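Start at 1 with the first residue, then count along the sequence. Computed from a predicted model, the values in this text were never measured in an experiment. In what follows, every heavy atom counts, from backbone to side chain, and hydrogens, waters and symmetry copies are set aside.
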Amino acid sequence: ASAFEVHTSWQEEPRLESEKGISLAKAVLEFGSGFKWLNSDTFFNSSGNTQAAPYKYTVYTWNWFVRFGLTENWTLWGDIPVVWSNQQDVTRPRKTTSTMGDAETGALYQFYRKNDPTLSMGFALRWKLPTGSEAPGGQKFNITGTGITDVELSYLGRFQIIRNLSIGWAVGYNLRFPGTVKYISDQHTSITNGSIDLGDEIFGQAELIGGIEWVSVQL
């Protein structure tokens with residue numbers, strides 16, 4: 001058994017979140033959950049300007065995600081959102097409960113890792129699937145996703161400033177593919193089965209991570 005140990009054994013993760021790298025250790029499996037809330041009462045019209053909407057949207061999203069350390073430097077992950085949404089429209093209210101939104105999957109490659117203090121850098125690929133619905137138009141259904149596919153490539157890293165505190169960063173490019181949606185309406189234009197292109201995105205992110213033992217806070 002010892003001859004195969006180097007190929008099969010899992011690596012121990014640091015206890016402190018501030019000591020961890022961006023990639024999970026080998027054979028480490030991680031489950032998690034998160035909650036998001038969105039309230040919207042404005043929108044972009046066909047002229048590219050924001051204006052008050054004739055209705056309001058309230059969207060609650062409960063995310064379930066899993067990550068797995070395939071090797072010391074490769075991490076695979078997936079995310080499934082469960083969506084509750086409500087269109088507060090007097091003339092045509094719509095509501096969706098416990099519906100799957102746009103699922104995501106991806107991979108992360110850590111090309112550099114130094115410990116004590118931790119400095120970790122890598123590249124990540126994210127693929128968003130149009131498993132949600134942008135607007136079926138039915139009385140009993142509501143928006144649970146954009147209805148289009150995203151592919152995102154990013155460079156990210158994490159640096160441990162002191163034992164209980166680290167900083168993280170990410171810069172990347174998100175390619176949003178055009179897609180056909182079932183219904184588009186912005187008071188100026190109404191299109192059924194029309195093509196939409198939400199545009200690509202260049203982004204930057206920063207985070208501050210602090211924690212003690214089993215508890216951590218991320219901003």
Ile209 side chain reached by Ser166 side chain, heavy atoms, under 4.5 Å: yes
Thr99 vs Thr97 side-chain heavy atoms within contact, under 4.5 Å: no
Cluster overlap Leu76 with Phe31, hydrophobic side-chain contacts below 4.5 Å: yes
Nearest atoms (heavy-atom pairs only) where Thr149 meets Pro130: OG1-CD, 3.2 Å
Path from Val215 to Leu16 over hydrophobic side-chain contacts below 4.5 Å: no
Of Phe123, Tyr155, Trp74, the residue whose pairing with Tyr109 passes ring pair (Phe, Tyr, Trp, His ring centres under 6.0 Å): Trp74
Sequence-distant partners of Asn115, side chain to side chain donor-acceptor pair (under 3.5 Å), two or more places apart: Arg113
Over 12 foreign heavy atoms within 6.0 Å of CG, Asp116: no
Working for side-chain contact (heavy atoms from CB on, under 4.5 Å), residues Gln110 and Met121: CA-CA 6 Å; Gln110 178 182 252; Met121 294 181 288; over 6 Å; no
Value rounded to 0.5 Å, distance of CG in Leu129 from CG in Asp102: 8.0 Å
Whether Asn164 side chain and Gly210 backbone form a donor-acceptor pair below 3.5 Å: no
Check: Trp64 main-chain N/O paired with Ser33 side-chain donor or acceptor under 3.5 Å: no
Residue Glu13 excluded, over 12 heavy atoms near CD under 6.0 Å: yes
Student check: side-chain heavy atoms of Glu201 and Tyr173 closer than 4.5 Å: no
Glu152 and Leu125, any side-chain heavy atoms less than 4.5 Å apart: no
Test side chain to side chain donor-acceptor pair (under 3.5 Å) applied to Trp84 and Ser98, step by step: CA-CA 6 Å; Trp84 292 259; Ser98 304; 3.3 Å; yes
In residues 18-25, what donor-acceptor pairs under 3.5 Å come from side-chain atoms, sequence neighbours left out?
unit_1 : atom_1 : unit_2 : atom_2 : d
Ser18  : OG     : Arg163 : O      : 2.5
Lys20  : NZ     : Glu17  : OE1    : 3.4
Ser23  : OG     : Thr75  : OG1    : 2.7

Heavy-atom side-chain contact between Tyr112 and Leu119 under 4.5 Å: yes
Pairwise side-chain contact, Phe35 with Tyr60, heavy-atom cut-off 4.5 Å (strictly under): yes
Among Thr105, Ile80, Asp79, side-chain contact (heavy atoms from CB on, under 4.5 Å) partner for Phe65: Asp79
Full working for salt bridge (Lys or Arg N to Asp or Glu O under 4.0 Å) between Arg176 and Asp200: CA-CA 5 Å; Arg176 294 188 175 104; Asp200 299 343; over 6 Å; no
Main-chain N/O of Gly168 paired with Glu207 side-chain donor or acceptor, under 3.5 Å: no
Ile167 CD1: over 12 foreign heavy atoms closer than 6.0 Å: yes
Heavy-atom side-chain proximity of Val151 to Trp127 below 4.5 angstrom: yes
ILVMFWY cluster, Phe177 and Leu153 together (side-chain gap under 4.5 Å): no
From CA spacing to verdict: side-chain contact (heavy atoms from CB on, under 4.5 Å), Leu165, Leu208: CA-CA 7 Å; Leu165 189 67; Leu208 185 66; 3.8 Å; yes
Separation of Thr58 OG1 from Trp37 CH2 (nearest 0.5 Å): 7.0 Å
Leu108 CG to Arg67 CZ distance, which is reported to the nearest 0.5 Å: 8.0 Å
Contact check, side chains of Thr146 and Lys128, non-hydrogen atoms, under 4.5 Å: yes
Atom pair CG/CG of Leu198 and Asp150 - distance to nearest 0.5 Å: 8.0 Å
Interatomic spacing from CG in Asp41 to CD in Gln51 - rounded to 0.5 Å: 12.0 Å
Side chain Thr71, main chain Asn73, donor-acceptor under 3.5 Å: yes
Over all atoms of both residues, closest heavy-atom pair of Phe159 and Pro117: CE1-CG, 4.4 Å
Whether over 12 other heavy atoms sit under 6.0 Å from Glu213 CD: yes
Between CH2 on residue Trp62 and NZ on residue Lys36, distance to nearest 0.5 Å: 15.0 Å
